K.L.:
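Pasting a structure below so you can have a look.
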Amino acid sequence: MGCSVAAVVAATSGVAHAADNLPPKQPLVADLTTENKACATGEDRAYVGGPPALRAALYDPEEDNQPAEANLVKGEFEAWWTDADGAEQRLTYTTSATLSGSRQVWRMPQDSIPANTVVSWHVRANDGKENSPWSSEGAGSVCEFVYDDVSPEPATITSPEYPEDVHWTDGVGVYGHFTMDSPSDDVVAYRYNFIGGPYATAEPKQPGGSVTIPFLPLRSGPDTLTVQAIDRSGRPSAESRYRFYVQSGRAPVAYWRLNDAAGATSAEAEKGTAARAGSGASFGGPAPRGTELTSTAHLDGSSHGYLTPDAPAVADPRKAFAVSAWVRPARTDRNMTVAAQDAGRSAAFTLGLRQEGTTPVWSFGVGGARVSGGAPETGEWAHLLGVYDAETGHAKLYVNGHEVGTEAEATPTGAVGAFQIGRARHGEAYGDRWRGDLGDVRVHDRVVVPAEASELARRRPGLLGHWSLETASAGTSPEQNGGAALKLGDGATVYRSPDSSCLPEIDPDCPVVPSPLVGDGHLALDGRTGYAATDEPVVDTSDSFTVGVVVRLADADPNHPMTVLSQGGEHTDAFKVRYQPSEHAWQLVMPQRDEQGAAETVVAQVAAADGGQGSGHRLAVVYDDATDQIKLYIDGGSIAAATADFPNGWSSTGPLQIGRAHTGDGWGEYLHGDVDEVQAYSGALSANEISALGWGTDPCLC
C-alpha cells in the first residue's frame, strides 16, 4: 500500500510531526533571565525595582529541512500570580518571529503587575507550526520574581575616629572606620564614595545588616562620605552625607636629624630619646643637596659603628608604623642595616640594603616578610621609607619617594626592644652593619601616605644659571643673577629689535621688524661658527639636573643635525639637545660613557622645523638620578615628556655650550637660528615647574 511523503509522520513524545518539521527545543532554565537576573524560585527568586524585562533564548532544531536563515521562532510568554482576593491572574505575550538562537524579550507593561507579590512565569517557542514544551515542564522550572516599589530608607553613618562635623580630628595616614546602616531589612549593598575616591560598593553579611569600611585619609582638609543603600531589587535610597575634617598627619614619634657637631658622642633627638653613638659613628659628614639637612652621621661598618636610644621607637610593631632615612652607602656588596628594632634575639623589622644573588637592592623586612627594590649605588644618596599598614597587613617600601617592589603580606612580632641605627639583632649579637652616611632618621606611628613619601624624599632644585640673552657687552651676555656669563663666539650676536616710531599695521612704508623670542632680545646664531659658552661646567651631569631653552630654527628644511645645548666631557658630550632633520624631531642624546662612539640613549619629540617663523619651541631636558630616568619636554609639557631609563650618569668636565656639540675631535652640528632663556638647575624639576620655564622668569621651587 503506497502513501505520499507528506503523509509520513514520526512519533515523538506521543505527538505526530510532519517529516519536514521538528518542534522547537524546550527552553532551558539557564537561558532565562528576569531583568538580567537568573531564573530562580523560592528564597533565590529575583527582586526587581520595576516591571521587568523577561528574556529567553529560543531554538529551532537545525535538522529542520530548510535553510538556517529560515529557522524562525517566536516566544510565547505567560506570567501568573494570586491577587489580594485569592484569585489567579494571568498575562500572556507573544513576540515576533526571529532567527533561532535569538534572545526573545517581553518587557512587561507598566502597572501590569502588583507590587510585593510573587509572580511566576514560563515560556515556550513556536516555529509557526508547532510549539515546544513549556520551560517549566519536565526537568524545567518556573521562574519567579517580586516587584518592589519602595526604596530603602537612607543609611545612618558613624565613625569613632572621625566624628561628624568636628574640627579637626586625627589625621592623614590614620585609618577611620565608617559604619553604614539602613533601617530597611532588605538592603543588600551600600554604594559609597569619598571626595576624590574611593568609589566602591560594600555588602553586609546578611540582608538588612550594617557594613563597616576602613578609609585612609591621604590629604588634610574637609571630606564627605556619600552613601546610598541598595535593596535586593536594586532600588537605591536617598543619599546620606557625612562630613568630617582631617588634620595633617601626626609628627614622628622618634626623630634624629644626625646633624650633630663633629666630635659629639650622641645624636640629639628632635623627638624621643637621644641616640647613644658607638665609637665607629662620627658626625659632620656631607648632606644630600637640596634637602634641609646640613650634615649627617657616618658609620664605619665596624662593631662600634651604630647609634641607639636604648629604647623602642615603635611601641607595638603589630600596629601601623613607618621608618625612613636619607642614606649613602660606602659599599653595596653586603647586607647592611639602616634602621631596625630589637625583638628578643632577632629584629622586629629592618630597613636597609640586601644582596639578592649578586644584585644589591633596598629592602624592608617585617616579621618574616620582605619587600625589595631599587638599585643602590655606592656614594649615591637615596631616601628610604618602609611602611607597615596594619589595616591591610602589608609592608611597602619607597625609594626616593617612589614605591618599589611588590608589597608583602607581613605578620609582625609583638616583642619590643631597643631601636637601632646601623645594625640589626641576630641571636646574641648584632650584624649587617652600615658603612656609609645617614641622616634624618624618622619613625612614625601611622601610615606615611604616598604624597608624604614624595615630600620626605624631595630634593629641592637649585638655580645654577639663568641667561636671558637680552644684551651683550665685550662679547659676553650676562647671567641674570650675576653668575658666570656666556661668552659669544664668532657668528653669534644678541639681537634686539630697533626702536621704531612707526607702526607697520598703520604705515605701509614702515618696515616689519621681527620681535625677540622672549623679552627684549635673543641670541642669533649663523649655523657656521656661531655659539656661546660658559668657562666652566654648569650642571653636574652625574647627579640630577634640568636645563631649559627657547629655540627657533632659521631653516624650514635643515640639511644637517643642529645642537642647541650640550655639555661635554673629554671625548664626547654628557648630553646634547639637537634637531635631527631626518627624524623631524628634537632629540636628547646621552652617551653612556665618555668615549667617542659610546652607546647612546636617545629620546625624541617630533616637531616641524620653524623656518624662522613663529615663537619657536620651549625645550627642557631632565636627568633624574633618583629614578635613573632622562626626559625631554617640548613646549612646557604640552606634549607628554619623552622618557628613557639612564642608570649611570657620568660627570662632565666641559663648559655648557649653546649652539654646537662635539663631533669627533672637533666641533660641529652648529645651530642656525635663535636661542633665548637658557636656564640651568641642580635637581630634577617637576612637570609643573617645567611648564614655567622659558617665559623670562624662574619657576617657584617650593
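Quick caveat, the model's predicted, so the values are computed rather than measured. Along the sequence shown, the residues carry numbers beginning at 1.
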K.L.:
Rounded to the nearest 0.5 Å, how far apart are CG of Leu225 and CD of Glu164?
P.N.:
9.5 Å
K.L.:
Can Asn688 and Ser686 be counted as having a side-chain donor-acceptor contact under 3.5 angstrom?
P.N.:
no
K.L.:
Taking atom NE2 as the centre, does His304 end up with more than 12 heavy-atom neighbours from other residues, nucleotides or ligands that are less than 6.0 angstrom away?
P.N.:
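Incorrect, the count does not exceed 12.
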K.L.:
How are the rings of Trp256 and Phe419 set relative to one another: parallel (under 30°), tilted (30 to 60°) or perpendicular (over 60°)?
P.N.:
parallel
K.L.:
Regarding Asp342 and Gln420, do their side chains bring together a donor and an acceptor under 3.5 Å, going by distance alone?
P.N.:
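The criterion, which ignores hydrogens and geometry beyond distance, is satisfied for Gln420 and Asp342.
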K.L.:
Count the heavy atoms belonging to other residues, nucleotides or ligands that lie under 6.0 Å from CD of Glu292, then report whether that count exceeds 12.
P.N.:
no
K.L.:
For the atom pair CZ (Arg446) and CD (Glu452), what is the distance rounded to the nearest 0.5 Å?
P.N.:
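If I round to the nearest 0.5 Å, the distance is 4.0 Å.
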K.L.:
Please test Arg459 against His383 for side chain to side chain contact (heavy atoms under 4.5 Å, CB included), starting from the C-alpha separation and ending with a verdict.
P.N.:
CA-CA 10 Å; Arg459 299 178 67 177; His383 187 269; over 6 Å; no
K.L.:
Compile the donor-acceptor pairs under 3.5 Å between side chains in residues 257-279 and protein atoms, sequence neighbours left out, one pair per line.
P.N.:
{"from": "Asp260", "atom 1": "OD2", "to": "Glu268", "atom 2": "N", "distance (Å)": "2.9"}
{"from": "Arg276", "atom 1": "NE", "to": "Asp310", "atom 2": "OD2", "distance (Å)": "2.9"}
{"from": "Arg276", "atom 1": "NH1", "to": "Tyr306", "atom 2": "OH", "distance (Å)": "3.0"}
{"from": "Arg276", "atom 1": "NH2", "to": "Asp310", "atom 2": "OD1", "distance (Å)": "2.8"}
{"from": "Arg276", "atom 1": "NH2", "to": "Asp310", "atom 2": "OD2", "distance (Å)": "3.4"}

K.L.:
Not counting sequence neighbours, which residues clear salt bridge (Lys or Arg N to Asp or Glu O under 4.0 Å) with Asp437? List them please.
P.N.:
Arg328
K.L.:
Can you confirm whether the side chains of Tyr255 and Asp440 place a donor and an acceptor under 3.5 Å from each other?
P.N.:
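Looking only at side-chain atoms, Asp440 and Tyr255 do form a donor-acceptor pair, the distance falling under 3.5 Å.
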K.L.:
Using only atom types and a distance under 3.5 Å, with no angle test, would you say the side chain of Arg334 pairs donor to acceptor with the backbone of Arg433?
P.N.:
yes
K.L.:
Just jot down the salt bridge (Lys or Arg N to Asp or Glu O under 4.0 Å) partners of Arg345, sequence neighbours excluded, or say none.
P.N.:
Glu428
K.L.:
Would you mind listing every ring-ring contact (aromatic ring centres under 6.0 Å, His included) that reaches into residues 183-220, with sequence neighbours excluded?
P.N.:
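Pairs touching residues 183-220 that pass the test: Phe178-Phe194, Phe194-Phe215.
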K.L.:
Check Ser544 against Ala626 and note the closest heavy-atom contact, atom names and distance.
P.N.:
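Result for this residue pair: OG-N, 4.0 Å.
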K.L.:
What pairs meet the ring-ring contact (aromatic ring centres under 6.0 Å, His included) rule with one or both residues in residues 275-294, with sequence neighbours excluded?
P.N.:
none
K.L.:
Kindly say whether Gly280 contributes a backbone atom to a donor-acceptor pair with the side chain of Ser302 at under 3.5 angstrom?
P.N.:
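No, the answer is negative, given that no donor and acceptor are paired below the 3.5 Å cut-off.
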K.L.:
Does the side chain of Asp540 pick up a donor-acceptor pair with the side chain of Ser542 at under 3.5 Å?
P.N.:
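Present: a donor and an acceptor within the cut-off.
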K.L.:
Specify the closest pair of heavy atoms between Gly439 and Thr296, including all atoms of both residues, with the distance to one decimal.
P.N.:
CA-CG2, 4.0 Å
K.L.:
Once salt bridge (Lys or Arg N to Asp or Glu O under 4.0 Å) is applied, do any residues pair with Arg435, and if so which ones, sequence neighbours excluded?
P.N.:
none
K.L.:
Just verifying a value: how many Å separate Tyr242 OH and Met180 CE, rounded to the nearest 0.5 Å?
P.N.:
12.5 Å
K.L.:
Is a donor on one side and an acceptor on the other found under 3.5 Å between the side chain of Ser184 and the backbone of Glu153?
P.N.:
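Judged by distance alone, yes, a pair lies under 3.5 Å.
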K.L.:
Thinking salt bridges, do Arg458 and Glu689 make one under a 4.0 Å N-O criterion?
P.N.:
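Result for this pair is yes, salt bridge flagged.
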K.L.:
Using 0.5 Å steps for rounding, measure from the CG atom of Leu351 to the CZ atom of Phe364.
P.N.:
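One gets 6.5 Å once the value is rounded to the nearest 0.5 Å.
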K.L.:
Establish, from distance only, whether the side-chain atoms of Thr226 and Arg241 form a donor-acceptor pair under 3.5 Å.
P.N.:
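Present: a donor and an acceptor within the cut-off.
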K.L.:
Please work out whether the ring planes of Trp326 and Trp381 are parallel, tilted or perpendicular, with thresholds of 30° and 60°.
P.N.:
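Ring orientation of Trp326 relative to Trp381: perpendicular.
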K.L.:
Whether the side chain of Trp434 engages the backbone of Gly352 through a donor-acceptor N/O pair (distance < 3.5 Å, no angle test) should be reported.
P.N.:
no
K.L.:
Please identify which of these residues, Arg250, Arg318, Lys319, meets the salt bridge (Lys or Arg N to Asp or Glu O under 4.0 Å) condition with Asp445.
P.N.:
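The residue from Arg250, Arg318, Lys319 that satisfies salt bridge (Lys or Arg N to Asp or Glu O under 4.0 Å) with Asp445 turns out to be Arg250.
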K.L.:
With a 3.5 Å distance limit and no angle check, can you tell me whether Ser682 reaches the backbone of Gly462 through a side-chain donor-acceptor pair?
P.N.:
yes
